[in-house]
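Below: the structure, in structure tokens.
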Number of protein chains: 2
Amino acid sequence: MKVLAEQPISENANQELARFAKALGHPTRLQILQLLDSQACCFTGDLVEVIPAAQSTISQHLRELKNAGLIQGEINPPRVKYCINKENWRKAKLLFTHFFEE
Amino acid sequence: MKVLAEQPISENANQELARFAKALGHPTRLQILQLLDSQACCFTGDLVEVIPAAQSTISQHLRELKNAGLIQGEINPPRVKYCINKENWRKAKLLFTHFFEE
DNA sequence: TCGTTTCATCGTAAAACTACGATAAACGAT
DNA sequence: ATCGTTTATCGTAGTTTTACGATGAAACGA
């Protein structure tokens, strides 16, 4: 019992932190997050104009950020508006902060 | 000129932050860093006893952490003693902190 | 209904990552 | 010199990532 009770919490925290970190592990994705955070939100097209990569590539990065839970997309008819997922953003910030303060 | 002066700084910061984040993007590497940080330092063998992975796998993760600049190894004859690279650790902490506070 | 716009997804190719066993290198001790 | 210990590296296989062009889907306006 003790064995099962000791690990899971930090195990899960590590898994979650690793997921966030992995999502942050590419310069283009960092840039996307910075752009989304500086202006409230962004359409995909706005990002394509600023970031030097193909539209499909940016869409792929957006999907990874979405899968990691760091952003969320809201359909706004012909377009899709992306925003930071504030709840998970805060969670990620906390996990990183705790990690570096150990 | 303006074009060249505007980007490079944050470009480089993003590259560096992405490198750190990528290194943190695996649960085993997080665990290694936590172990190195909790006790001052560690020999590879100590890690192998605690982490459920082959010795070669752990050595590979150690190399990636070293390449990212987060740890450093000191040869201590038959063994190698690994420690956190405190300077880069601090740098990473700052980069993450700034990133999340934007 | 027919384009147009916007974005995601598919298909593909190259590169990188992950994990392992086997092997090699370095060194102390016998 | 040879052996045992410790660790890195090699070779390998399977998976994942990255990037792109091409294609598809959804929604709107003409």
Side-chain angles (χ1 to χ4, degrees), chain A residues 11 14-33 35-36 39-85, chain B residues 11 14-33 35-36 39-85:
Chain A
E11 266 289 333
N14 268 6
Q15 299 259 353
E16 198 168 18
L17 180 53
R19 263 217 326 279
F20 286 138
K22 193 173 181 184
L24 299 182
H26 194 289
T28 298
R29 289 196 287 271
L30 291 177
Q31 194 179 355
I32 290 173
L33 290 171
L35 289 167
L36 289 186
Q39 16 197 138
C41 288
C42 258
F43 298 109
T44 306
D46 301 335
L47 299 171
V48 174
E49 283 176 15
V50 172
I51 297 171
Q55 179 264 325
S56 57
T57 302
I58 293 176
S59 190
Q60 215 169 233
H61 283 304
L62 286 169
R63 181 174 46 186
E64 285 186 44
L65 289 171
K66 199 165 49 180
N67 287 343
L70 288 171
I71 67 174
Q72 58 200 53
E74 173 188 330
I75 296 172
N76 206 327
R79 303 187 271 182
V80 176
K81 189 172 66 174
Y82 280 105
C83 310
I84 299 281
N85 181 323
Chain B
E11 266 286 334
N14 268 6
Q15 299 259 352
E16 198 168 17
L17 180 53
R19 262 216 327 280
F20 287 137
K22 192 175 180 183
L24 299 182
H26 194 288
T28 298
R29 290 197 289 270
L30 291 178
Q31 194 179 355
I32 289 173
L33 290 170
L35 290 167
L36 288 186
Q39 16 197 136
C41 288
C42 257
F43 297 110
T44 306
D46 302 334
L47 300 170
V48 174
E49 283 176 14
V50 173
I51 297 170
Q55 179 264 325
S56 58
T57 301
I58 292 175
S59 192
Q60 214 170 235
H61 283 304
L62 286 169
R63 182 173 46 184
E64 285 186 46
L65 288 171
K66 198 166 50 181
N67 287 343
L70 288 171
I71 67 175
Q72 58 200 53
E74 175 187 330
I75 296 173
N76 206 327
R79 304 188 271 182
V80 176
K81 188 173 67 175
Y82 280 103
C83 310
I84 298 281
N85 181 324

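Fair warning: this is a prediction, and the values are worked out from it, not measured in the lab. Proteins get letters first, then strands, A, B, ... in listed order; numbering begins at 1 in each.
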_side chain to side chain contact (heavy atoms under 4.5 Å, CB included) for A:L35 and A:D46? Distances and angles first, verdict last._
CA-CA 10 Å; A:L35 289 167; A:D46 301 335; over 6 Å; no
[X] has an atom [atom1]; how far is it from atom [atom2] of [N], in whole Å?
{"X": "B:F43", "N": "D:dT6", "atom1": "CZ", "atom2": "P", "value": "11 Å"}
{"X": "A:D46", "N": "C:dC7", "atom1": "CG", "atom2": "C1'", "value": "13 Å"}
{"X": "A:L47", "N": "C:dC7", "atom1": "CG", "atom2": "P", "value": "9 Å"}
{"X": "A:E74", "N": "D:dA27", "atom1": "CD", "atom2": "C1'", "value": "16 Å"}
{"X": "B:I75", "N": "C:dA25", "atom1": "CD1", "atom2": "P", "value": "15 Å"}
{"X": "B:E49", "N": "D:dT5", "atom1": "CD", "atom2": "P", "value": "14 Å"}
{"X": "B:N67", "N": "C:dT18", "atom1": "CG", "atom2": "C1'", "value": "15 Å"}
{"X": "B:N76", "N": "C:dG28", "atom1": "CG", "atom2": "C1'", "value": "13 Å"}

Does [X] reach the side chain of [Y], with side-chain heavy atoms less than 4.5 Å apart?
{"X": "B:F43", "Y": "B:V80", "result": "no"}
{"X": "B:L17", "Y": "A:L24", "result": "no"}
{"X": "A:H26", "Y": "A:L30", "result": "no"}

_According to side chain to side chain contact (heavy atoms under 4.5 Å, CB included), who are the partners of B:T57, at least two apart in sequence or on a separate chain?_
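Applying side chain to side chain contact (heavy atoms under 4.5 Å, CB included) to B:T57 gives B:A53, B:A54, B:H61.
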*Identify, with sequence neighbours excluded, every residue that meets side chain to side chain contact (heavy atoms under 4.5 Å, CB included) alongside B:E64.*
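Once residues adjacent in sequence are excluded, the partners of B:E64 under the side chain to side chain contact (heavy atoms under 4.5 Å, CB included) criterion are B:R29.
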*Quick one: salt bridge (charged side-chain N to carboxylate O under 4.0 Å, His left out) pairs with a partner in residues 18-28 of chain A, sequence neighbours left out?*
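Residue pairs passing salt bridge (charged side-chain N to carboxylate O under 4.0 Å, His left out), neighbours aside: none found.
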*In Å and rounded to the nearest 0.5 Å, what is the CG to OG1 distance from B:N14 to A:T28?*
9.0 Å
Check the interface with nucleotides 15-17 of chain C: list each N/O to N/O pair with the protein under 3.5 Å, or write none.
residue, atom, partner, partner atom, Å
C:dC17, OP1, B:K22, NZ, 2.6

*When you measure from the side chain of B:H61, which nucleotide among C:dT6, C:dT18, C:dG21 comes out closest?*
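Shortest atom-to-atom distance from the side chain points to C:dT18.
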*asked:* Within the 4.0 Å limit for protein heavy atoms, which parts of nucleotides 8-13 of chain C are touched? Write it as a string from 5' to 3', B for base, S for sugar-phosphate only, - for none.
replied: BB----
What side-chain donor-acceptor pairs closer than 3.5 Å can you find for residues 69-79 of chain B, not counting sequence neighbours?
residue, atom, partner, partner atom, Å
B:Q72, OE1, B:N85, ND2, 3.3

